[in-house]
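Every value quoted in this text rests on a predicted model; they were computed, and no experiment measured them.
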Amino acid sequence: MTQRMVEKMSKEQQYLVNESMLMMDSFYDKERDLIRSFEEDSSQHSTRASAHYALGLLIRNEPGDVERAIRVFHKVLDYQYDAPDEIYHGTFATRPNDVHPPAGHYAWKSFAPGTAYFLERTFEKVSAQFIHKLQEDGSLLTEAADPKRMKQFFNAAVNAFLPPVWISYDPNWREFIACVCAVVTAEFAELMPETLMKRMDYAMELAVQGSIDRRLSDVIPMNTNIELMHIFITHYYGHRFNRMEWIRHSDEQAEGLMKEFEQYGGTFAEFNTTTYYGVDLSVLGMFRKYARTDRMLEIAHRIEHGLWNNIALYYNANLENLSGPFSRAYDMEMREHSSMGVFIYLMLGEGYEYLAGINCESGHDPLIALLGVDVPAEAVRYFKAHQGDRLVQKQFMELCERNDPKANRNLCTAKAWIGEDRMMGAMSGSRNTNGQMHPATIHWQTETGERYDLRLIRREVGGDWSSHLRGITFEADVTSNSLNINVQLETADEIEVVFEIRGPSLRQQDITPTLWQFPGLTCTVKVEAPEPSVVMYAEHAEIIYRYVPGEMEKRMRFELNICENEM
């Protein structure tokens with residue numbers, strides 16, 4: 001009997017597989033042969049998570065696992081879009097109940113790069129003019145009518161005919177699911193029936209071609225993690241199918257990515273981002289194991305080691321976290337919405353299992369266990385112990401996914417102070433509209449080990465911080481004991497600029513306009529902004545500065561100076 005894959009693994013790798021599969025088993029729906037989402041609404045099923053689960057089943061290979069994996073893969077492949085003329089060709093529905101995207105109204109291949117950007121901006125202007133004319137007329141828009149609601153109706157009408165990216169389909173599902181299929185093909189083809197392998201290969205023909213069409217058209221730009229997956233699947237399946245044009249494309253893309261990565265000392269467009277670094281390291285592991293040429297191996301090796309050295313530079317072993325600023329982030333805590341703790345556990349070994357606790361990314365753990373880690377020796381010490389207080393600074397060329405492609409790359413500076421029990425980050429140069437960009441951050445811990453974090457976010461009044469908003473830019477700088485931020489607000493919307501603080505035992509009376517006294521951290525505050533409001537929640541607080549266009553200056557300034565805590 002062939003030895004099971006999991007039996008060949010180290011105890012750390014086995015731990016990851018077992019913990020992740022225990023979690024995913026509990027989300028498996030045997031009636032649908034898919035697993036329910038553990039990232040968002042658990043009543044929904046996820047095709048991507050199901051693909052990762054099926055891979056985990058093959059790695060574990062206990063009685064019944066292979067048969068279940070086969071059924072799950074067939075089900076995932078059922079949800080691929082086979083529509084050669086459409087922009088979503090070859091990608092997959094994210095959920096089985098997704099409505100099929102509209103077809104036949106969008107000749108995207110004949111349009112110039114940035115079409116998605118220009119369409120979005122055009123329809124923003126059209127909807128604004130539409131509402132303005134209704135208001136001017138008066139007879140069609142009553143006083144009780146909500147302009148925002150009217151805009152939603154207008155957008156819904158547009159979206160019924162033109163497939164809106166990330167609303168009616170997710171283009172990145174091509175690359176995520178294709179990467180899983182490549183690993184399955186490389187490692188487990190002998191366990192799979194020929195009918196499934198043929199079907200999977202056909203699906204990959206569609207997925208890779210769709211991915212290449214997307215890349216060449218640049219209608220929807222690829223951020224770093226997708227770009228890496230794109231290069232890998234094009235390289236792997238180009239060799240598998242003997243498609244020379246795919247191989248040439250992947251070689252050119254890899255050379256270009258490495259050149260950009262090394263231009264500013266080893267940085268990505270998605271810089272300092274725990275969520276996407278986890279994906280990056282996973283894909284670089286795929287190159288390490290499955291690349292078909294020596295040159296591709298060399299490129300991946302240089303990037304993987306360079307990335308680890310950057311991560312080490314911004315890592316604080318006492319706080320067990322990466323410092324901001326973050327070009328893209330969901331959370332301030334590395335172990336939330338990220339696989340970074342899993343990689344560090346594999347690096348450091350026994351005793352660090354707590355870094356690999358279950359979160360919404362844990363479905364990737366069997367894949368990560370299979371691929372392993374390759375960390376340069378000079379970086380490892382940064383993860384074992386604090387390597388001294390330091391001021392670090394890196395430049396990177398960001399990608400603004402929803403901006404004009406002629407002006408969607410900006411040179412940014414990510415600066416951070418890494419102290420023994422406190423670290424602070426500041427971003428300058430960014431023009432990203434994405435709310436995931438966190439331009440000003442602080443992490444700290446008290447003498448008793450309680451951990452806290454502070455981040456600057458922005459949102460439309462009544463909206464969410466993670467949305468795309470235009471006309472709001474930040475310039476921040478940091479020293480060992482200060483954080484300075486300028487906010488420019490060129491927008492017609494009412495905006496809340498918010499300092500969000502997370503941690504236990506926060507008290508409203510300790511937050512005044514000129515002095516913030518948190519457990520373990522006190523700072524004086526100099527502000528050029530409206531009077532703030534303070535809202536307290538169970539485990540976090542918000543200090544909110546509201547901008548009303550036409551009634552106040554279009555800028556705010558903040559100077560936070562850290563002082564000795566006397567609490």
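Interatomic distance, CZ of Arg459 versus CD1 of Ile472, reported as 12.0 Å (0.5 Å rounding). Taken to the nearest 0.5 Å, the CG atom of Leu454 stands 11.0 Å off from the NE2 atom of His438. Rounded to the nearest 0.5 angstrom, Leu521 CG and Asp421 CG are separated by 11.5 Å.
Ion pairing between a basic and an acidic side chain is recognised when a charged N comes within 4.0 Å of a carboxylate O; Glu500 and Arg502 show such pairing. Checked for salt-bridge contact, Lys415 and Asp477 meet the test: a charged N lies under 4.0 Å from a carboxylate O. Salt bridge annotation for Arg288-Glu298: absent, with no cationic side-chain nitrogen under 4.0 angstrom from a carboxylate oxygen. Between Asp25 and Arg60, at least one side-chain nitrogen of the basic residue sits less than 4.0 Å from a carboxylate oxygen of the acidic one, meeting the salt-bridge criterion. Under a 4.0 Å N-O distance rule, the pair Glu255/Lys259 does not qualify as a salt bridge. Under 4.0 Å is where a charged nitrogen must lie from a carboxylate oxygen, and between Arg409 and Glu398 no such pair does.
Side-chain polar atoms of Arg214 and Asn172 form a donor-acceptor pair below 3.5 angstrom. Side chains of His305 and Asp374: a donor on one and an acceptor on the other come within 3.5 Å. For the residue pair Asp213/Gln209, the side-chain donor-acceptor check at 3.5 Å is satisfied. Side-chain contact of Gln13 with Ser10: a donor-acceptor pair under 3.5 Å is present, judged by distance alone. Side-chain contact, Thr47 with Trp173: a donor N or O sits under 3.5 Å from an acceptor N or O. Checked by atom type, the side-chain pair Ser323/Asn321 shows no donor-acceptor distance below 3.5 Å. Side-chain atoms of Glu320 and Tyr315 include no donor-acceptor pair closer than 3.5 Å.
The backbone N or O of Gly265 sits less than 3.5 Å from a side-chain atom of Lys394, completing a donor-acceptor pair. Asn223 places no side-chain N or O within 3.5 Å of a backbone atom of Asn225 that could act as its donor or acceptor partner. Listed for the Ser339 side chain is no donor-acceptor partner under 3.5 Å among the backbone atoms of Val342. With Gln14 contributing its side chain and Val6 its backbone, the two residues share a donor-acceptor pair below 3.5 Å. Of the possible donor and acceptor atoms, none in the side chain of Asp453 sits under 3.5 Å from a partner among the backbone N and O of His443. Listed for the Gln387 side chain is a donor-acceptor partner under 3.5 Å among the backbone atoms of Ala385. Although no hydrogens or angles enter the test, the distance criterion places a donor-acceptor pair under 3.5 Å between the side chain of Asn434 and the main chain of Gln436. With hydrogens and angles ignored, the 3.5 Å screen pairs a side-chain donor or acceptor of Tyr237 with a backbone N or O of Ala182.
Smallest separation of non-hydrogen atoms from Ser338 and Met334: CB-O, 3.0 Å. In terms of heavy-atom proximity, Phe92 sits nearest to Val76 at CD2-O, 3.7 Å. Between Ala269 and Ser327, the closest heavy-atom pair is O-OG, 4.1 Å. Closest heavy-atom contact between Thr91 and Asp170: OG1-O, 2.8 Å. The shortest heavy-atom contact between Glu12 and Gly349 is OE2-CA, 3.7 Å. Nearest heavy atoms, Ala317 versus His386: CB-N, 3.6 Å.
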Q. Do Phe268 and Phe261 pass the ring pair (Phe, Tyr, Trp, His ring centres under 6.0 Å) test, and can you show the C-alpha distance, the side-chain angles, and the key distance before you say yes or no?
A. CA-CA 6 Å; Phe268 282 144; Phe261 179 75; 4.8 Å; yes

Q | Met229 and Val279: CA distance, side-chain angles, deciding distance, side chain to side chain contact (heavy atoms under 4.5 Å, CB included) verdict | A | CA-CA 9 Å; Met229 288 189 283; Val279 180; 4.1 Å; yes

(Q) If you apply the rule side chain to side chain contact (heavy atoms under 4.5 Å, CB included), what do you find for Leu281 with Met340, and how did you get there? (A) CA-CA 9 Å; Leu281 290 169; Met340 281 307 305; 3.8 Å; yes

(Q) side chain to side chain donor-acceptor pair (under 3.5 Å) for Glu559 and Asn561? Distances and angles first, verdict last. (A) CA-CA 6 Å; Glu559 180 181 327; Asn561 290 288; 2.8 Å; yes

Q.
If you apply the rule ring pair (Phe, Tyr, Trp, His ring centres under 6.0 Å), what do you find for Phe499 with Phe558, and how did you get there?
A. CA-CA 11 Å; Phe499 288 92; Phe558 305 92; 5.0 Å; yes

Q | Thr275/Thr273 under side chain to side chain donor-acceptor pair (under 3.5 Å): CA gap, chis, key distance, verdict | A | CA-CA 6 Å; Thr275 295; Thr273 162; 5.2 Å; no

Q: Determine, stepwise, if the pair Met556 / Ile485 fulfils side chain to side chain contact (heavy atoms under 4.5 Å, CB included).
A: CA-CA 8 Å; Met556 298 183 189; Ile485 309 139; over 6 Å; no

Q: Show your working on side chain to side chain contact (heavy atoms under 4.5 Å, CB included) between Tyr330 and Glu336 and close with a plain yes or no.
A: CA-CA 8 Å; Tyr330 289 95; Glu336 298 291 335; over 6 Å; no

(Q) Could you go through Tyr345 and Tyr15, starting from their C-alpha distance and side-chain angles, then the distance that decides it, and tell me whether this counts as ring pair (Phe, Tyr, Trp, His ring centres under 6.0 Å)? (A) CA-CA 10 Å; Tyr345 163 60; Tyr15 174 85; 5.6 Å; yes

**Q.** Residue pair Asp464, Ser466: steps toward the side chain to side chain donor-acceptor pair (under 3.5 Å) verdict
**A.** CA-CA 6 Å; Asp464 183 79; Ser466 64; 2.3 Å; yes

Q: Please lay out, stage by stage, how Arg451 and Gln445 fare under the test side chain to side chain donor-acceptor pair (under 3.5 Å).
A: CA-CA 4 Å; Arg451 292 175 180 173; Gln445 67 180 3; 3.2 Å; yes

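Counting non-hydrogen atoms of other residues, nucleotides and ligands closer than 6.0 Å to CD of Glu245 gives a total above 12.
For the pair Arg328 and Tyr276, the cation-pi criterion (under 6.0 Å, within 45° of the ring axis) is fulfilled. Judged by a 6.0 Å distance limit and a 45° cone about the ring axis, Arg455 is positioned over the six-membered ring of Trp465.
Considering Leu284, Val375, Val380 as possible partners of Trp308, the one that fulfils the side chain to side chain contact (heavy atoms under 4.5 Å, CB included) test is Val375. Of the listed residues (Arg431, Arg557, Arg555), just one forms a salt bridge (Lys or Arg N to Asp or Glu O under 4.0 Å) with Glu475, and that residue is Arg431. Under the ring-ring contact (aromatic ring centres under 6.0 Å, His included) test applied with Phe271, the options Phe326, Tyr264, Tyr314 reduce to a single match, Tyr314.
Between Phe232 and Phe287, the ring-plane angle classifies as perpendicular under the 30° and 60° cut-offs. Note: Tyr452 and Trp444 have parallel aromatic rings, judged against thresholds of 30 and 60 degrees for the angle between ring planes. Ring pair Phe518/Trp516 is tilted by interplanar angle, where 30° to 60° counts as tilted.
Checked against the 6.0 Å centroid threshold, His230 and His235 do not count as a close aromatic pair.
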